[in-house]
Protein chains: 2
Amino acid sequence: MQKKYLRIYNDLVKRIQSNSWTIGDLLPSENELAAQYDTSRETIRKALDLLSQNGYIQKVRGKGSVIINRNQFSFPVSGIESFTELTEKMALNSRTIVHSIKYLDPKNESMEILKGNPNEKVWNVNRIREIDGEKVILDKDYFNDKYIPLLTEEICQGSIYNYIENELGLVIGFAQKEIVVENPTEEDRELLDLEGFSNVVVIRSQVHLDDASLFQITESRHRPDKFRFVDFARRVKN
Amino acid sequence: MQKKYLRIYNDLVKRIQSNSWTIGDLLPSENELAAQYDTSRETIRKALDLLSQNGYIQKVRGKGSVIINRNQFSFPVSGIESFTELTEKMALNSRTIVHSIKYLDPKNESMEILKGNPNEKVWNVNRIREIDGEKVILDKDYFNDKYIPLLTEEICQGSIYNYIENELGLVIGFAQKEIVVENPTEEDRELLDLEGFSNVVVIRSQVHLDDASLFQITESRHRPDKFRFVDFARRVKN
DNA sequence: CAGTGGTCTAGACCACTAG
DNA sequence: TAGTGGTCTAGACCACTGT
């Protein structure tokens, strides 16, 4: 038995995407939806909250829930998505080159973030992403070996996230990321086709598991013309 | 009478910020909090949902609510914030120069996004942001005059958002923004101290009011060394 | 096992919008 | 005024975690 509010949410998404309504239209009222789906209003409200969070509707007090313009096919809506997911969605012609896999002692590095037990070690994977034949992204990942006991070239060649979530059964909880523009390092110049660009866009993130433990830090270095970030922000109510 | 769940949320934020607990600690259980605040568990859960959304806690089923590391003093947590709010928070030494205020007919421009009634016009404001004596940000704003009947230099000199929300009583609902890196335009070169930088970071956004109507589009052009974006993302549960 | 958070219900009252 | 969404309650059962 699936969660009821998720079933309703998914159903409403389908109905919205199949243009049962157009932009500016009102959804049926919460009471009406509660009757339609034979459930309580609070459960309907949970489904609508999800629609709102994901940018499908905007609720207006006294009026109803307005369908809003959601740029479909855009980059992650302020979410956590992996390169493989992105390229699939964008139908990009891409390739991953595993440049190096190392098993590090985090003492000497600035990896003390992935601390905890001083005996723990850290996996470091550097991968180059090629889009349309050009090397444009350098991904540097660091994993705590407490959670990822083994990394092989085969795993890194595919989607590490797929391996983590489906094979190891770990569940990603939340991530904090930072985006800045920096000068290219020697490594960038060596591994990427910078084509004279004098900057790289750097996305640094800390990824935590479902139980709030830090298990990965990441540095994704993009040639600036191959970078785009889309965000959907909602004013905090108070 | 303030909303109960907001009162509880604010109280818990204060308790967290005053280090009543440290990172990794568990909050009291929902039942215990319900007793402490003399309310129902669902109300406590609303307060905790807010804490979770804003990156203070991570809920773990069967265990409790874990206090997590929230880089305080960071740039907007995936929210909508204005330049004045930001500089205040960061205690930056900044100045705003109003470069131009125009009242446009949107027909000829690519501003047809701000359409609606073809008689409507559009306010265009260009402002230069100076930080520590250097001109590093160019903000180009376009407002639908249906919502903003008049813009003066005085208003633009201060916080337009302050004017909109406090004087006009409009309430911001949500925004969609996009971040890309582009080559500087002639205008950028003319108005900003680019110091040889060959790129600018461009943040384009569409801002909607509480009732889901589009009322502003914005282009904020940053010298790359003066750009930083911090995002807090939470995995969608399903 | 007891305790935790996750879901769900059937009501209630309120503030707001629109005709 | 009727209908909308926003808040709040007091219960219930479930899935999961630790001991």
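Everything numeric in this text was worked out from a predicted model, so none of it was measured.
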Base-pairing mate for D:dG6 - Watson-Crick or G-U, with both contacts under 3.5 Å:
C:dC13
Mind telling me whether A:Phe215 and A:Phe143 have parallel, tilted or perpendicular rings, with 30° and 60° as the class edges?
tilted
Under 30°, 30 to 60°, or over 60°: which ring-plane class applies to A:Tyr9 and A:Tyr56, parallel, tilted or perpendicular?
perpendicular
Quick check on D:dC8: is either OP1 or OP2 less than 4.0 Å from any side-chain nitrogen or oxygen of B:Tyr5?
no
Write down the distance between [atom1] ([X]) and [atom2] ([N]), rounded to a whole number of angstrom.
X	N	atom1	atom2	value
B:Lys4	D:dG6	NZ	C1'	15 Å
A:Lys59	D:dT4	NZ	P	13 Å
B:Glu32	C:dG3	CD	P	12 Å
A:Asp38	C:dC8	CG	C1'	12 Å
B:Lys46	D:dT9	NZ	P	9 Å
A:Leu51	D:dG5	CG	P	13 Å
B:Glu30	C:dT7	CD	P	11 Å
B:Arg45	C:dG6	CZ	P	5 Å

Salt bridge or not between B:Glu32 and B:Arg41? Use side-chain N to carboxylate O under 4.0 Å.
no
Keeping the roles fixed (side chain from A:Asn10, backbone from A:Leu6), state whether a donor-acceptor pair exists under 3.5 Å.
yes
A:Trp123 side chain to A:Ile148 main-chain N or O, any donor-acceptor pair under 3.5 Å?
yes
Distance check, rounded to the nearest 0.5 Å: B:Ile68 atom CD1 versus B:Ile23 atom CD1?
9.0 Å
Could you tell me whether the side chains of A:Gln216 and A:Asp141 share a donor-acceptor contact shorter than 3.5 Å?
yes
Which of these nucleotides, D:dG5, D:dC8, C:dT7, is closest to any side-chain atom of A:Lys3?
C:dT7
Nucleotide by nucleotide, 5' to 3', does protein get under 4.0 Å of the base (B), only the sugar-phosphate (S), or neither (-) in nucleotides 10-19 of chain C, counting heavy atoms?
B-B--BBSS-
